[in-house]
Enquirer: 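Okay, handing you the structure first.
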Amino acid sequence: MNCDRIARAYRWLEYAAFGRELERRRFRYLDQVTSARCALILGDGDGRFLSRFLSRSHASVDSIDSSARMLELCRERVGNERAAYRHGDALSVPLAPSSYDLIVTHFFLDCFDSSGLGRLAARIRTAACPGALWLISEFRQPLWAAPIIRGLYLFFRVTTGLRVTRLADHRPILRAHGFSLLREETSWRGLLASELWRLS
Ligand SMILES: C[S@@+](CC[C@H](N)C(=O)[O-])C[C@H]1O[C@@H](n2cnc3c(N)ncnc32)[C@H](O)[C@@H]1O
């Protein structure tokens with residue numbers, strides 16, 4: 001997947017399709033993670049979450065994205081204070097063990113199939129401190145929403161080359177890797193979810 005081509009338009013495409021609802025999902029549990037000291041944000045895109053998070057917390061953040069253009073937008077928006085940007089694949093970029101007390105993935109897990117999610121969860125488990133929180137926003141697929149999810153995957157396949165074609169359920173995979181769900185809230189009749197997990 002290469003989001004360079006859609007990076008600048010991404011925000012406006014999102015607002016056109018979902019209004020401000022994805023923003024509400026990203027920030028739903030923000031106030032419960034602001035005491036983090038060292039956060040890992042994977043696939044933050046243009047940095048809207050990072051910007052608000054840093055304005056509310058004293059954490060330092062590693063932000064990793066495979067799109068150089070997205071990282072550039074992120075850096076333009078947020079600057080370098082307390083944020084380090086790394087261009088790379090979340091499945092292979094080196095991560096120091098037991099380093100992060102907060103992981104953030106917003107509309108990112110949908111870029112992986114079940115096997116990729118398993119590898120990702122295993123890496124995050126190793127990189128996370130005991131008791132670390134994992135903040136997630138994600139799509140879900142109630143029956144009525146199957147055409148919407150198919151349309152989204154088609155859009156990303158055409159514009160970014162995304163190979164994954166179906167939404168995998170990350171929740172059993174996170175549980176299998178030692179994470180417990182603390183809070184969740186859904187909206188848009190179950191299509192969108194905000195979740196807060198903890199490594200036990
Ligand atoms: C659908 S966008 C989501 C962006 C943002 N988090 C949001 O809430 O809208 C997925 C982001 O993850 C990045 N990405 C996709 N696969 C990746 C991977 N394997 N490693 C790192 N970043 C990846 C993309 O470049 C993009 O910025």
Side-chain angles (χ1 to χ4, degrees), residues 1-30 33 39-54 61-78 83-95 100 102-124 127 134-140 148-149 151-168 170 173 187-188 191-196:
M1 178 185 206
N2 184 342
C3 282
D4 284 357
R5 223 157 41 106
I6 58 163
R8 198 162 277 285
Y10 182 81
R11 173 183 186 185
W12 304 109
L13 292 170
E14 172 194 318
Y15 293 158
F18 298 101
R20 297 285 167 154
E21 189 53 29
L22 300 200
E23 302 259 275
R24 279 191 279 278
R25 288 303 109 213
R26 292 183 192 103
F27 300 133
R28 176 64 184 85
Y29 295 126
L30 178 61
V33 301
L40 173 66
I41 305 190
L42 298 174
D44 190 38
D46 60 17
R48 279 170 284 156
F49 177 83
L50 177 60
S51 171
R52 194 177 300 187
F53 174 67
L54 285 178
V61 175
D62 285 338
S63 177
I64 296 174
D65 202 297
S66 58
S67 161
R69 193 71 196 104
M70 284 289 200
L71 280 178
E72 229 172 272
L73 291 173
C74 205
R75 198 193 299 267
E76 273 170 26
R77 185 187 301 277
V78 178
Y85 304 96
R86 288 159 73 187
H87 181 219
D89 184 339
L91 290 180
S92 56
V93 77
L95 298 173
Y100 299 102
L102 174 66
I103 318 297
V104 179
T105 57
H106 291 307
F107 303 103
F108 172 72
L109 301 180
D110 48 23
C111 301
F112 299 88
D113 60 16
S114 303
S115 136
L117 283 176
R119 286 161 59 206
L120 186 71
R123 303 197 85 222
I124 288 178
W134 187 346
L135 181 62
I136 294 176
S137 309
E138 204 42 84
F139 291 96
R140 290 194 185 166
I148 295 178
I149 299 292
L152 284 171
Y153 276 102
L154 180 61
F155 169 79
F156 280 105
R157 186 166 70 199
V158 171
T159 57
T160 72
L162 178 67
R163 291 210 194 105
V164 173
T165 54
R166 295 172 50 189
L167 187 62
H170 59 275
I173 297 170
S187 66
W188 277 33
L191 175 65
L192 298 165
S194 305
E195 301 169 8
L196 185 62

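The figures that follow rest on heavy atoms only: side chains count, while hydrogens, waters and symmetry mates do not. In listed order, ligands and their atoms are each counted from 1. Keep in mind that what you see is a predicted model, and the values were worked out from it rather than measured.
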Enquirer: Nearest 0.5 Å, what's the CZ-CZ distance between R52 and R48?
Expert: 10.5 Å

Enquirer: Using the ring of each side chain (for Trp, its six-membered ring), is Y10 parallel, tilted or perpendicular to F156, with breaks at 30° and 60°?
Expert: tilted

Enquirer: Salt bridge (Lys or Arg N to Asp or Glu O under 4.0 Å) for R28 and E23? Distances and angles first, verdict last.
Expert: CA-CA 8 Å; R28 176 64 184 85; E23 302 259 275; over 6 Å; no

Enquirer: Would you mind running through ligand 1 and noting each atom that sits below 4.0 Å from a heavy atom of H106?
Expert: 3 (C), 5 (C), 6 (N), 7 (C), 8 (O)

Enquirer: May I ask you to identify, for R26, whether its side chain, its backbone, both or neither come under 4.0 Å of ligand 1 on a heavy-atom basis?
Expert: side chain

Enquirer: Which bit of F108 gets closer than 4.0 Å to ligand 1, counting heavy atoms only: side chain, backbone, both or neither?
Expert: side chain

Enquirer: Among all residues two or more places apart in sequence or in another chain, which pass the side chain to side chain donor-acceptor pair (under 3.5 Å) test with S187?
Expert: E21, R25

Enquirer: Could you tell me, atom by atom, which parts of ligand 1 come under 4.0 Å of a heavy atom of G88?
Expert: 20 (N), 21 (C)

Enquirer: What is the nearest protein non-hydrogen atom to atom 19 (N) of ligand 1, stated with its residue, atom name and distance?
Expert: D89 OD1, 2.9 Å

Enquirer: Are the side chains of L192 and R140 in contact, using a 4.5 Å heavy-atom criterion?
Expert: no

Enquirer: Check ligand 1 against C3 and write out every atom of the ligand that is under 4.0 Å from a heavy-atom position of the residue.
Expert: 24 (C), 25 (O), 26 (C)

Enquirer: Given that the side chain starts at C-beta and the backbone is N, CA, C, O, which of these parts of M1 lies under 4.0 Å from ligand 1, counting heavy atoms, or is it both or neither?
Expert: side chain

Enquirer: Which residue and atom name correspond to the protein heavy atom nearest atom 20 (N) of ligand 1, and how close is it?
Expert: A90 N, 2.8 Å

Enquirer: Quick one, L102 and F53 - any side-chain contact, counting heavy atoms below 4.5 Å?
Expert: yes

Enquirer: So which protein heavy atom does atom 2 (S) of ligand 1 come closest to, and at what separation?
Expert: Y10 OH, 3.6 Å

Enquirer: With a 6.0 Å cut-off (strictly less than), is the heavy-atom count around CZ of R77, excluding the residue itself, greater than 12?
Expert: yes

Enquirer: May I ask you to list the atoms of ligand 1 that are less than 4.0 angstrom from any heavy atom of F112?
Expert: 19 (N)

Enquirer: Could you tell me the residue and atom name of the protein heavy atom closest to atom 11 (C) of ligand 1, and the distance to it rounded to 0.1 Å?
Expert: G43 O, 3.5 Å

Enquirer: Closer than 4.0 Å to some heavy atom of S67 - which atoms of ligand 1 meet that?
Expert: 25 (O)

Enquirer: What protein heavy atom sits nearest atom 1 (C) of ligand 1, and how far away is it?
Expert: F107 O, 3.3 Å

Enquirer: Side chain or backbone, does F156 bring an N or O within less than 3.5 Å of an N or O on ligand 1?
Expert: no

Enquirer: For the CG atom of L162 and the CG atom of L154, what is their distance to the nearest 0.5 Å?
Expert: 11.0 Å

Enquirer: Does R20 qualify as a cation-pi partner of Y15, given the criterion of NZ or CZ under 6.0 Å from the six-membered ring centre and within 45 degrees of its axis?
Expert: yes

Enquirer: Counting only heavy atoms, which portion of F49 has something under 4.0 Å from ligand 1: side chain, backbone, both, or neither?
Expert: neither

Enquirer: Near D44, which atoms of ligand 1 are under 4.0 Å from a heavy atom of that residue?
Expert: 5 (C), 6 (N)

Enquirer: May I ask you to decide if M70's main-chain N or O and S67's side chain share a donor-acceptor pair within less than 3.5 Å?
Expert: yes

Enquirer: Does the side chain of I103 reach to within under 4.5 Å of the side chain of L135, using non-hydrogen atoms?
Expert: no

Enquirer: Which protein heavy atom lies closest to atom 14 (N) of ligand 1, and at what distance to 0.1 Å?
Expert: S66 OG, 3.4 Å

Enquirer: Nearest to atom 27 (O) of ligand 1, what protein heavy atom do you find, and at what distance?
Expert: D65 OD2, 2.7 Å

